Amino acid sequence: MKHQGMVYLVGAGPGAWGLMTIKGLKLLESCDAVVYDHLASHHFLSCLKPGCRKVYVGKQAGRHSMSQEEISGLLVRLAKEGLTVVRLKGGDPFVFGRGGEEILALEENEIPWEIVPGVTSAVAVPELAGIPVTHRGVSRSFHVITGHTMGGEGATPDMRPYAALSGTLVFLMGFGQLSSIAAGLIAGGKSPDTPAAVIENGSLPNQRVLRAPLGSLAGEAIRAGLGTPAIIVVGEVAAFELCPKGALPLSGTTIGITGTPSFAARLRQALEREGADVRNVLEMKVIPYESSDEVQRAYRDLEGYTWLVLTSANGVQCFFEGLYRSGRDFRAVGHLKFAVIGKGTAGELEKYGFRPDFIPESYCARSLGEGLVKLLGKEDKVLLARAAMASKELPAVLSEAGIAWEDVPLYDVMPERREPEGETGALPAPLDYLVFASASGVRGFFGAMESRLASFGGTRRKPRLACIGDITAKALGEHGQHADVVASSYDIDGIVRSLEEDVSLRNESMTHLDIT
Ligand code: SAH
């Protein structure tokens, strides 16, 4: 018998990735197909299992979106194929999400289903703009209203029933009708002085909040150039600004990253901690050369060396995993001293239970070489276990000092042929920066997706290019590109620091709108 398919209607929350539920995330990680629209965060794409089918059914400029019947039909079809389907919907599926209609269609076709509630934008978006939808002594209720069918053709809608409510009014899908809604409420009896707000892209790095009295809200929104998705809040609570003090240094900055999964994960974490919105643009995969004759010979002859030099976390992993698989074990390196290029590599080495004997002050190949030669003598023999395309600088410094060395290519990195996050329909925020962490990353990127570079910045110019050090900057130069930001030290902290400096310099030179 064919496996029975199943559909989960999952609320994705208001946009920020962290606001999705744990249950929703687990389903995304294990489902066979995901059907999503433009309000879902693009981040979910990176947690799907390989081979998961992604179907975009949302609206996009210039393209016709699927009708509700077509979407329901699609869910039924996928489930009948025996697939576990996640229907991912912005916010909560039952708040203006047409989740009920999809369920009725599934019921009609006897498809099993389950619903996973989401954080609705109706509450979360005002909340993240500092507006509590209820507040003791100020607002005892809140009302969520669709603005979709209001206004149009210059007529002022009859808003008396809403104007009579003393609680907070929250309008979804109302931005296009903002002036009709405001005029209707005032005509219905609300004071033009009632505090009100429009919040665009709530919870996202490009969130903008406009506060104005109801009477001038529409005019101000036009002046500020606000757009959708947006929520309108009307009521005394809109005067509240319950926001944490002091934005993080990279808040509002969208950063594309390239690199191997382990590096990208560490970089992402460091950037997100500082408030950045991070997008994986190009994943690089590590291809170990552990079965090559050179590597096998090096493992066999480890007793002939006195120092082992490792210049990346990937190198550390490849070296030790390969060593074990070669038939030897960690006792084979007991006599060796370890030199590493920086903190990231040192951290990886420590995971294998070894302490580095030398880390240069400045994390680059030249400092590593120069520091090493001070510690080494003629009797030493150095094993350089590095990426196939590693820079020639390190061996050159050692040779100059008359130190014997062997350079063994341990692995290579190649671009993984995968869609970058956010490239499958949902319009992601444009990138402010694109970060390269290695020369091979630069070559991989320009080999795979050079033509897309301009489009990553959205309607703006191309993103600013940031890199981890001189060698990566040089590789950019070889592709006719200028590195706008070069890390102050050649590690993740250095990248983060230099990006922060660049962001703050640029913010200073920009004039500010009177909105947050
Ligand atoms: N089911 C969703 C609402 C879908 S209706 C929920 O529970 O949140 C779509 C409307 O939601 C948009 O027109 C807009 O008014 C609002 N919306 C959704 N996400 C938003 C966001 N991040 N910022 C501002 N408004 C948002």
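Since this is a predicted model, take the numbers as computed values, not measurements. Each ligand, and each atom within it, is numbered from 1 in the order the structure gives.
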Does anything in residues 119-128 pair up under side-chain hydrogen bond (donor to acceptor under 3.5 Å, both in side chains), and if so which pairs, sequence neighbours excluded? none

Partners of Thr194 by side chain to side chain contact (heavy atoms under 4.5 Å, CB included), sequence neighbours excluded? Lys190, Ser191, Leu214, Val234

Does the side chain of Ser312 pick up a donor-acceptor pair with the side chain of Asn314 at under 3.5 Å? no

Assess whether a salt bridge exists between Glu220 and Arg223, defined as any Lys/Arg side-chain N lying under 4.0 Å from an Asp/Glu carboxylate O. yes

Amino acids contacting ligand 1, non-hydrogen cut-off under 4.0 Å: Pro14, Leu39, Gly90, Gly91, Asp92, Val95, Phe96, Thr120, Ser121, Val125, Leu172, Met173, Ile199, Asn201, Gly202, Pro229, Ala230, Ile231

May I have all residue pairs that pass salt bridge (Lys or Arg N to Asp or Glu O under 4.0 Å) and include part of residues 103-115, sequence neighbours excluded? Lys23-Glu114

Give the ring-plane orientation class for Phe240 versus His135, where under 30° counts as parallel, over 60° as perpendicular and anything between as tilted. tilted

